Structures are given as C-alpha cells and as structure tokens.
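So the structure is just underneath, and the comments pick up after that.
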Amino acid sequence: MPIDPNRVLIFDTTLRDGEQSPGATMSHDEKLEIAGLLDAMGVDIIEAGFPVASEGDFTAVSEIAKTAQNAVICGLGRANFKDISRCWEAVKHARRPRIHTFIGTSPQHRAIPNLTMDQMADRIHETVSHARNLCEDVQWSPMDATRTEWEYLCRVVKIAIRAGATTINIPDTVGYTAPVESADLIRRLIAQVPGADAVTFSTHCHNDLGMATANALAAVAGGARQIECTINGLGERAGNTALEEVVMAMQVRNDIMPYRTGIDATKIMHISRRVATVSGFNVQPNKAIVGKNAFAHASGIHQDGMLKSADTFEIMHPRDVGLSETSIVMGKHSGRAALRSKLKDLGFEPGDNQLNDLFVRYKALADRKKEVFDDDLIALVTDASADGAGHLEVKFLRVICGTEAPQSADITLRVGTHDHQATAQGDGPVNAAFNAVRALYPHDARLQLYHVNAVTEGMDAQATVTVRIQEGGQIATGQAADTDTVVASVKAYVNALNRLSVRRERGGSDMPEFTYKEAG
Ligand code: KIV
Ligand code: ZN
C-alpha cells in the first residue's frame, strides 16, 4: 500500500494488453522506446509483456527489466508453473520486479480449463504460492471478476491473499460493469475479505460500453489504489481505460477526486503520438485529452482567443498535457538549430545523424508546402523512423492515372543492396503501385487495413498512410507520410513488409493469438 492513502498507482499495460490488440504488434526496439517513455513519465508499474508467449516477448520484457530506472517491471503469466517461472526469468533483473498471474474465475471462463470450483481454488493457491516463492511482489487477477459469483470471488481473493499476493487486481474483462457497481465491488471486497486491508486493490477495465474510465475512477472511490490502463486506451476490442483520461480527470477534478499520481502529465502528448505511430492505431480526432480536436479551440488563440478568457472553453491548458501552442513553424530558410529546438518542443531529441537526415527532408518538404505545421514535423520524424528500417526501400515511383482503368505504376525498389525496376497495372494508382512492389518482392501477405489521414489542413497537406498486412499468423503495420498520397501509401506498404520480414527472422509468437486458455 502506498504511504499516502490518496496516492493512486498507475499500472500501464500498453505493452501487454495494448499490444495484444490485433495488429498493434510493436517491434522490439519500439517496445523498449515506449517503456523508456513510460518510465520517464512516472508510471509506477509497467506491464512489459507476456514472456511465455514467444522468444520475442521474453527478450523484450527482460531488456525492459534491465533498463528501467524507476518503474516496477511486471510480466504476465497464466496460472501454471511454466508461465510463472518464465515470467520470473524475464523480470528478475529489474530493480523492482513483479509477477502478475491470472485465471478466469467467472462461470464462462471456468468452463475453459474444465476445472471445478474447488480444483480452481487449489490451482490459485499453488500458483500464487509458486510466484511468491520467486518474487516478493505478486499480483493476482481473477479474470472476468465482474461476472464471477460474489461468494466465489471472495473465496478466491482470500486464497490469493493467503498465498502471498500483494496486489489483487479486479478485471472487468469484457467491459460489462458500470460505475456504481465498480465502486461497490471493490468496497465490499475490501470490507469483507479477510486480509484485504494488507494488500493493494487494483482495477482493470475494458471499454466495451464506453465506461472504462468512469469505472476505473469509481473503483478508486471504492478503495482501489492502482489503476491499470494504456496510452490512448489501446487494447483488445474497444480498448482499456486510457491513462491520459484517468490521470487528467484526477488532476483537473481534484476537488472531488482528491487523489494523486506520480505522472508528469506534460509528457502525455508525446507518448500518445509515439504509441499511435508504432502501433498503427491512430487516435480518433475527438478523443479526450489526446485527440487532434481535444484543444482545437486553442488553435484560434493567435487570432482572437487571447482576447477572451481562456477558461471560457478550457478546463485544462494544452500545455498541461504537453501540447505546444505554436501551430506554424519556421520558414524554408530556418536552419538546423531551429529544427532541433522545434523538435525538442515536440518531444523528439534526434541524434546528430538523424537530425541531418531530418533536415534534408524538412527542406524538401518546406519547398513543397506553403506552411509547415507541428503535425507535419511529427509526420516527418515518424516517416524517417520508418524508413531504412529494413532491406526494402522505395527509390523511385511514377504512376500514370486517369479516368480510364487500369492505372499503371513504375517503381524502383532497393532490395538489400540492389535496385530493381518493375511496371505493373492495377485498379487505381495505389493498387497498381502495390502490384509493382509485389512483382519485385513476391509475398503472400494480405492487406488488412489501408488508412489515409491528412496530417494538416490545406490542399498541400501531408497524408499519413497506415497499412496493415497479414501473413500466416503474423501481422505488421507500416506508416509513412508524404504530400503525395500514392508515395506515402507505397512507403507505408514497404515499411510494413520490412517489419514483417524482421518478425519472421526473429521468430514470432508461439501463440499466434493470445489465448486465455489454460496451458495446464
Ligand atoms: O482483461 C483482463 O482480464 C486481463 C487480465 C489478464 C488481467 O487483461
Ligand atoms: Zn485486459
């Protein structure tokens, strides 16, 4: 339990529950980067992954464990000795390791491992004891707690506490509960389960009915002192409680929610953008706190907004979440130093070589665009980090379009160290260009998602394109930005192919789809 009774621990599961979202798979380096940002923003516990799921997951969790400076590093394992031991192997190097183990306790979930209530109770005792023999900090979750019979829930929570669990997490796995019930459930568990006052109660909500943030905050009112959440609310189906929402709700309405977190909220915007980029899950424009329109009225500040009182429409300041107010940046004559400083404001600190590369791209962009906005620069950085990340690179592209199909595309693609050229036709310029890529780099990957987003306003706006492809059990997402939508599309496609080949080489998940099924 934290010493301050109003201190709420923030447990981030972007890298586990968030990454579990189909298509949100992140690369090893991306996971390390996001973990570093979470650690720096003051997240108390980072759930870094599910170590038994694959070699890649194991390595990512253990490297995050070795490098985290402050946060507790947690790994997830099902209720069996193999998962738990593997989890311990991955987190044991952390300054502050945690094992999180779970089992589905509701009637719907008990049917899966085919255990009776008594058998499951025994399993919980054995597995939590095993985890506790390995690690001092053990979290236990009765998955689908909100649909578990009250008597049985009390019984299993008591067993887990007796076996040594230090945190009891109450998941609303299917997003079924509502605020009044969420608060009441935690309050009653704390009041009625023997030993409950000696552990931390945690809440883990899914957003299927759009109540994940409200349910998490209600659970805190009921006595929970840990919130499990993800950046941008990333997560399976409708997602998880969004970190930025609960943190800002407690900050802005501290008068009625007098709780404190350790989060530096000014880092929210940057991490939100990075998670959106690496996961390929764009943030909806009207998303609370981090959506493009969340502070849209602030864009008018230059003209007349300043004349009025800012609190007419603002309950928080854009600066509070790290949003820079300048929307127009630099002219085409601005130098490297200005670019470096502007990128720093936006939360990016490129090394010298990366800055040189970005500067060349910036100049090219500034030549093509009348005004370069903050979002253009963010897209530029994102695009640069996507490029050169693999052995395929687009060197040249020309498409011939017209009202008459088929359209055709000429492409030069660098494959490894050699340039290859092909011409292909298709139904539309994007399809023609993708066919040309396929001709030069044959593959079986199927397109799952193709999304175009105009980054800034105007006819000369940059387009950010997201492409998600699937081959066998592997999913990869690529993103790229350009003032030319077809160029951005092809680069995003190639970026996704690069990621897919890296994933293939690394050997992806042994468990193609995360399953809650018991391994026994
Ligand atoms: O939603 C859920 O129940 C989970 C558990 C593994 C905690 O993610
Ligand atoms: Zn979950």
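Just follow the structure's listing: the first ligand is 1, and inside any ligand the first atom is 1. The structure presented is a predicted model; accordingly, all values stated were derived computationally and were not measured.
Between the side chains of E47 and H100, at least one donor N or O lies within less than 3.5 Å of an accepting N or O. Using a 3.5 Å distance cut-off with no hydrogens or angles, the side chains of N232 and S272 do pair a donor with an acceptor. Defined by atom type and a distance below 3.5 Å, a donor-acceptor pair is missing between the side-chain atoms of T167 and Q139.
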side-chain contact (heavy atoms from CB on, under 4.5 Å) assessment of V72 paired with F11: CA-CA 9 Å; V72 170; F11 176 114; over 6 Å; no
Walk me through whether E228 and T203 qualify under side-chain contact (heavy atoms from CB on, under 4.5 Å). CA-CA 6 Å; E228 299 206 358; T203 178; over 6 Å; no
Determine, step by step, whether R86 and D83 satisfy the salt bridge (Lys or Arg N to Asp or Glu O under 4.0 Å) criterion, reporting the C-alpha distance in whole Å, the side-chain angles of both residues, the deciding distance to 0.1 Å, and the verdict. CA-CA 5 Å; R86 189 78 177 138; D83 275 37; over 6 Å; no
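The parts of T173 lying near ligand 1 are both backbone and side chain, judged by heavy-atom distances below 4.0 Å. Here E228 has no heavy atoms under 4.0 Å from ligand 1, in either its backbone or its side chain.
Within the listing of ligand 1, atoms 3 (O) sit less than 4.0 angstrom from a heavy atom of M143. Short contacts between ligand 1 and H204, defined as distances under 4.0 Å to a heavy atom of the residue, involve ligand atoms 1 (O), 2 (C), 4 (C), 8 (O). Residue H206 has at least one heavy-atom neighbour below 4.0 Å for each of these atoms of ligand 1: 1 (O).
Contact analysis puts R16 in contact with ligand 1, with a non-hydrogen atom separation below 4.0 angstrom.
No salt bridge links E19 with R16; every basic N to acidic carboxylate O contact stays at or beyond 4.0 Å.
Considering backbone and side-chain N/O atoms, D17 comes within less than 3.5 Å of an N/O atom of ligand 1.
Restricting D17 to its N/O/S atoms, the shortest distance to the Zn ion (ligand 2) is reached by OD2. In terms of distance to the Zn ion (ligand 2), the nearest N, O or S atom of H206 is named NE2.
The Zn ion (ligand 2) has no N, O or S atom of E236 inside 2.8 Å of it.
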